[in-house]
Asker: 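Shown below is the structure under consideration.
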Amino acid sequence: MFPALLSVLLAAAPDPLACDLLLAGGRVVDGTGAPWFRADVCVVGDRIEAIGRLGERPARRRIDAARLVIAPGFIDMLGQSEYNVLVDGRAASKITQGITTEITGEGGSIAPLNARMIKDGEAAWRHYGVTPSWTTLAGYFAEFERRGATINLGTFVGAGGVRNLVIGKDNRPATAAELGAMEAAVAAAMEDGAFGLSTSLIYVPDTYASTEEIIALARVAARYGGSYITHQRNEDDTIDQSLDEVFRIAREAQVPAEIYHLKTAGKANWGEMPGVLKRIEAARAQGLDVTADQYPWTASSNNLDASLPVWVREGGADKLVARLTDPKTRARARDDFLQEHAGNWPEHAGEILITSVLNPELKKYEGKTIADIARAESKDPLDVLMDIVIADQGNTGRVSFGMSEEDVRAALAHPLVSFCTDSGAMAEDGIFSEEKSHPRAWASAPRILGRYVREQKLLTLEEAIRKMTSLPASRMRLADRGILRPGMRADLVAFDPETVRERSTYADPSHYSEGIPYVAVNGALVVNEGRITSARPGRILRGPGYRRP
């Protein structure tokens, strides 16, 4: 009786659930920092359905991953692609290095906006072909979803953007009424789905905000369960005072804090990173929830006009250009610049590389340093710098070499420092291929996995992946991403640990990375056998204060 009954029950039992995607026999690094193990990973829909020895479980697509490492998709804590993905939804330089999620919104976020702010950006909108049709984060999210993208994206609301919305770019304190309007704008953005408040305190108009103003806005974000994230006020000679401000904001606003792209810049400050890391450890020991992120390069990147004194940049591009074209004001700007850069100019001119311009007449300067241009044109390097800013209306991008490799390594090895690129997505073709960029946009994750894990053994494979997956996910409270577990969203990267490497350099950045043949976002392959697919499965990720309409 029993054998007959058993055969009936087995015949009636359903087949194992078919996988939409099955990565078979790979070395699974689950994102927690635990040792790798060999297993199959089954994806059904947009989630991981099973991990283990799954045998011949049926699958619509089966990939032999025996020579590959299977990891959670990498999470970029400072992605900068919020506008780029509307122009080119492939986010090509990001997905080809295994990045599946970006957190963005540094200082001046994609929203809120008003008509004046949209008009101010007219040159860039015209160049890239997408003019904002939104004024709120909710409107931007709808546009993102309408156009489609390969990556997931979440954003902070920028305190500088909110200041610009209410006050403009003038250097003055906010009135009580203006501060109230700024607080209301932060609250609205939090309810739209922002992850918290961001600042970028070396740029106009963020730099005009007092610590007290930031604390007031951070308290609003905290009320919704959000975080505070900052490009701190100084990363070189007065970094200790800048850290004091970060810690004070975290303490008085009672908010978790994150320091963007942690660095100690300028040769006079090389070797200071261990001390900075100890200060973060000490702050945590005192009960402050503070961490940091970092890109693995010794050069930074921003706009060329950021070299100039703050007062020169006040009020926006039109006022900037007017000051630099007035001989008397230009002479004052020169004197103040030379005072600020005493001891490292004009040598520093050889460390400023022009990467992108909007004015087509300036394309000849891309890929050249300020010193190169000065020599070729028999001009003073500072005049070259100011003349380019004028001719490009403040839109010129640059790379600046200012960090030491030992400081980069110290931060990279620290368990509290997660991963970022601080760059928007680029591509080998299309409009973004017409300009140069920082190689961090193309190859930050492969640089860690190839150079610092495989070659230099600064980090174990498991620890490097933890810092690129579960650590940023936990900081952003992304409960269903960053770890490989059944039930989690199926953001996956499968790479060859023996061949993964960067191909992008400062001189020749525009190359996708190697050794990452498969990337899935929400269960759909966006990189398949090393080629970008037509899938656009990326989603908007909303923060803890989100209020569904």
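Here the structure is a predicted model, which is why all the values come from computation and not from measurement. For the single chain, residues carry numbers from 1 onward in sequence order.
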Asker: Do Thr199 and Tyr228 have side-chain N/O donor and acceptor atoms under 3.5 Å apart?
Answerer: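 Looking only at side-chain atoms, Tyr228 and Thr199 do form a donor-acceptor pair, the distance falling under 3.5 Å.
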Asker: If you compare all heavy atoms of Asp206 against all heavy atoms of Leu201, which two are closest, and at what distance to 0.1 Å?
Answerer: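 The pair with the smallest heavy-atom distance is O-CD2, 3.5 Å.
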Asker: When you measure from the side chain of Tyr512 to the backbone N and O of Glu428, does any donor-acceptor pair fall under 3.5 Å?
Answerer: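 The answer is yes, because a donor-acceptor pair under 3.5 Å joins these two groups.
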Asker: Just jot down the side-chain contact (heavy atoms from CB on, under 4.5 Å) partners of Val312, sequence neighbours excluded, or say none.
Answerer: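 With neighbours one apart ignored, the set is Leu308, Pro309, Leu320, Leu324, Ala333.
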Asker: Mind running side chain to side chain contact (heavy atoms under 4.5 Å, CB included) on Ile167 and Arg172 for me, showing each step along the way?
Answerer: CA-CA 9 Å; Ile167 298 173; Arg172 65 173 178 82; 3.6 Å; yes
Asker: Can you name the one residue among Glu106, Gln294, Met77 that meets side-chain contact (heavy atoms from CB on, under 4.5 Å) with His261?
Answerer: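 The passing option is Glu106.
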Asker: From Gln80 CD over to Thr155 OG1, what is the distance, rounded to the nearest 0.5 angstrom?
Answerer: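 Answer for the CD-OG1 pair, Gln80 versus Thr155, is 9.5 Å.
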Asker: Do you know which two heavy atoms are closest between Asp407 and Gly271, and how far apart they sit?
Answerer: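 Minimum heavy-atom contact is OD2-N, 2.9 Å.
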Asker: To the nearest 0.5 Å, tell me how far Ile99 CD1 sits from Ser444 OG.
Answerer: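 Answer for the CD1-OG pair, Ile99 versus Ser444, is 6.5 Å.
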Asker: Could you please spell out the steps behind the side chain to side chain contact (heavy atoms under 4.5 Å, CB included) verdict for Thr100 and Val519?
Answerer: CA-CA 8 Å; Thr100 59; Val519 180; 3.7 Å; yes
Asker: Short question: side chain of Asn171, backbone of Tyr208 - any donor-acceptor pair under 3.5 Å?
Answerer: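 No; judged by distance alone, with no hydrogens or angles, the pair does not exist.
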Asker: Got a sec, which pairs hit side chain to side chain donor-acceptor pair (under 3.5 Å) with one end in residues 116-125, sequence neighbours left out?
Answerer: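 Counting only pairs at least two positions apart or across chains, the side chain to side chain donor-acceptor pair (under 3.5 Å) contacts touching residues 116-125 are Arg116-Asn164.
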Asker: Measure from the side-chain N and O atoms of Arg475 to the backbone N and O of Ser227, and report whether any donor-acceptor pair falls under 3.5 Å.
Answerer: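 Flag not set: sc Arg475 to bb Ser227 has no pair under 3.5 Å.
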Asker: Of the non-hydrogen atoms in Lys263 and Tyr295, which two are nearest, and what is the gap between them?
Answerer: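 Here Lys263 and Tyr295 meet closest at CE-OH, 3.3 Å.
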Asker: Work out which heavy atom in Glu435 is nearest to a heavy atom in Glu366; give both atom names and the distance.
Answerer: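 So the two residues come closest at CA-OE1, 3.8 Å.
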Asker: Under a 4.0 Å threshold between the charged nitrogen and the carboxylate oxygen, would Asp380 count as salt-bridged to Arg334?
Answerer: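 Yes, charged N to carboxylate O under 4.0 Å.
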Asker: Keeping the roles fixed (side chain from Trp270, backbone from Gly402), state whether a donor-acceptor pair exists under 3.5 Å.
Answerer: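 Yes.
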Asker: Do Gln232 side-chain atoms and Ile259 backbone N/O form a donor-acceptor pair below 3.5 Å?
Answerer: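 Not at all, since once roles are kept as given, no pair shorter than 3.5 Å links the two residues.
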Asker: Counting only N and O atoms by type, is there a donor-acceptor contact under 3.5 Å from the side chain of Ser198 to the main-chain atoms of Gly105?
Answerer: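 Yes, Ser198 side chain to Gly105 backbone: donor-acceptor pair under 3.5 Å.
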Asker: Using only atom types and a distance under 3.5 Å, with no angle test, would you say the side chain of Arg233 pairs donor to acceptor with the backbone of Thr207?
Answerer: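 Flag set: sc Arg233 to bb Thr207 pair under 3.5 Å.
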Asker: Does Asp318 have more than 12 heavy atoms from other residues, nucleotides or ligands lying within 6.0 Å of its CG?
Answerer: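 Check fails, neighbour count at 12 or below.
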Asker: Are any of the side-chain nitrogens in Glu514 or Arg503 under 4.0 Å away from the carboxylate oxygens of its partner?
Answerer: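 Yes, this pair counts.
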Asker: If a pair satisfies ring-ring contact (aromatic ring centres under 6.0 Å, His included) and one of its residues is in residues 368-410, list it, with sequence neighbours excluded.
Answerer: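 Every pair satisfying ring-ring contact (aromatic ring centres under 6.0 Å, His included) with a residue in residues 368-410: Phe401-Tyr506.
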Asker: Under the criterion side chain to side chain contact (heavy atoms under 4.5 Å, CB included), I'd like the reasoning laid out for Ile373 against Ile354: C-alpha separation, chi angles, the key distance, then a yes or no.
Answerer: CA-CA 10 Å; Ile373 300 165; Ile354 303 300; 4.2 Å; yes
Asker: Is the Phe156 ring parallel, tilted or perpendicular to the Phe195 ring (thresholds 30°, 60°)?
Answerer: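 Correct class here is tilted.
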Asker: How far does OG1 of Thr264 sit from NZ of Lys267, to the nearest 0.5 angstrom?
Answerer: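 Interatomic distance, Thr264 OG1 to Lys267 NZ, rounded to 0.5 Å: 14.0 Å.
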Asker: For Gln97 and Ser513, which heavy atoms make the closest approach, and how far apart are they?
Answerer: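 Closest heavy-atom pair between Gln97 and Ser513: CB-OG, 4.2 Å.
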Asker: Measuring from atom OH of Tyr365 to atom CG of Asp387, what distance do you get when rounded to the nearest 0.5 angstrom?
Answerer: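 Rounded to the nearest 0.5 Å, the OH-CG separation comes to 8.0 Å.
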Asker: Once ring-ring contact (aromatic ring centres under 6.0 Å, His included) is applied, what residue pairs with a partner in residues 366-385 remain, sequence neighbours excluded?
Answerer: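 Residue pairs passing ring-ring contact (aromatic ring centres under 6.0 Å, His included), neighbours aside: none found.
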Asker: Kindly write out the residues that satisfy side-chain contact (heavy atoms from CB on, under 4.5 Å) with Glu463, not counting sequence neighbours, or none if the list is empty.
Answerer: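 Glu463: side-chain contact (heavy atoms from CB on, under 4.5 Å) contacts with Pro415, Leu459, Thr460, Arg466, Lys467.
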Asker: Using modelled atom types only, decide if a donor and an acceptor are shared between the side chain of Ser470 and the backbone of Gly31 within a distance under 3.5 Å.
Answerer: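 Yes; at least one donor-acceptor contact below 3.5 Å.
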Asker: Closer than 3.5 angstrom, by distance alone: can the side chain of Arg454 be matched with the main-chain N or O of Pro497 as a donor-acceptor pair?
Answerer: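 Flag set: sc Arg454 to bb Pro497 pair under 3.5 Å.
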Asker: So, using ring pair (Phe, Tyr, Trp, His ring centres under 6.0 Å) as the criterion, who are the partners of Trp311 when residues are at least two apart?
Answerer: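 With neighbours one apart ignored, the set is empty.
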Asker: With distance as the sole test, does Asp496 use its side chain to make a donor-acceptor pair with the main-chain N or O of Gly515 at under 3.5 Å?
Answerer: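 Looks like no, no N/O pair under 3.5 Å.
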Asker: With side chain to side chain contact (heavy atoms under 4.5 Å, CB included) as the criterion, how do Thr101 and Met476 come out once you've worked through the C-alpha distance, each side chain's angles and the decisive distance to 0.1 Å?
Answerer: CA-CA 11 Å; Thr101 294; Met476 294 296 98; over 6 Å; no
Asker: Please list all pairs passing the salt bridge (charged side-chain N to carboxylate O under 4.0 Å, His left out) test where one or both residues lie in residues 409-419, with sequence neighbours left out.
Answerer: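 Qualifying pairs: Glu406-Arg409.
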Asker: So, Asp237 versus Asn269: side-chain donor-acceptor pair below 3.5 Å or not?
Answerer: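 Side-chain D/A pair, Asp237 to Asn269: present.
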Asker: Apply side-chain hydrogen bond (donor to acceptor under 3.5 Å, both in side chains) to Ser400 and list each qualifying residue two or more places apart in sequence or on a separate chain.
Answerer: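 Once residues adjacent in sequence are excluded, the partners of Ser400 under the side-chain hydrogen bond (donor to acceptor under 3.5 Å, both in side chains) criterion are Arg398.
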Asker: If you look only at pairs with a residue in residues 325-345, which of them pass as a ring-ring contact (aromatic ring centres under 6.0 Å, His included), with sequence neighbours excluded?
Answerer: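 Of all non-adjacent pairs touching residues 325-345, those that pass ring-ring contact (aromatic ring centres under 6.0 Å, His included) are Phe337-His341, Phe337-Trp345.
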Asker: Roughly how far, to the nearest 0.5 Å, is the CD1 atom of Ile103 from the CG atom of Leu153?
Answerer: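 These two atoms lie 7.0 Å from each other.
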Asker: Among all residues two or more places apart in sequence or in another chain, which pass the side-chain contact (heavy atoms from CB on, under 4.5 Å) test with Ser437?
Answerer: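 Ser437 satisfies side-chain contact (heavy atoms from CB on, under 4.5 Å) with Met426, Trp442, Pro509 only.
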Asker: Could you pull out the closest heavy-atom pair between Arg279 and Asp240, with the gap in Å?
Answerer: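 Answer, listing the atom of Arg279 first, then Asp240: NH1-O, 3.0 Å.
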Asker: Determine, step by step, whether Asp372 and Thr369 satisfy the side chain to side chain donor-acceptor pair (under 3.5 Å) criterion, reporting the C-alpha distance in whole Å, the side-chain angles of both residues, the deciding distance to 0.1 Å, and the verdict.
Answerer: CA-CA 5 Å; Asp372 293 335; Thr369 68; 3.0 Å; yes
Asker: Which pairs with one or both residues in residues 84-94 pass side chain to side chain donor-acceptor pair (under 3.5 Å), sequence neighbours excluded?
Answerer: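 Qualifying pairs: Asp76-Lys94, Asp88-Arg90, Arg90-Asp429, Lys94-Glu102, Lys94-Thr421.
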Asker: Which residue pairs pass the salt bridge (charged side-chain N to carboxylate O under 4.0 Å, His left out) test with at least one member in residues 291-314, sequence neighbours excluded?
Answerer: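 For residues 291-314, and leaving out neighbouring residues, there are no salt bridge (charged side-chain N to carboxylate O under 4.0 Å, His left out) pairs at all.
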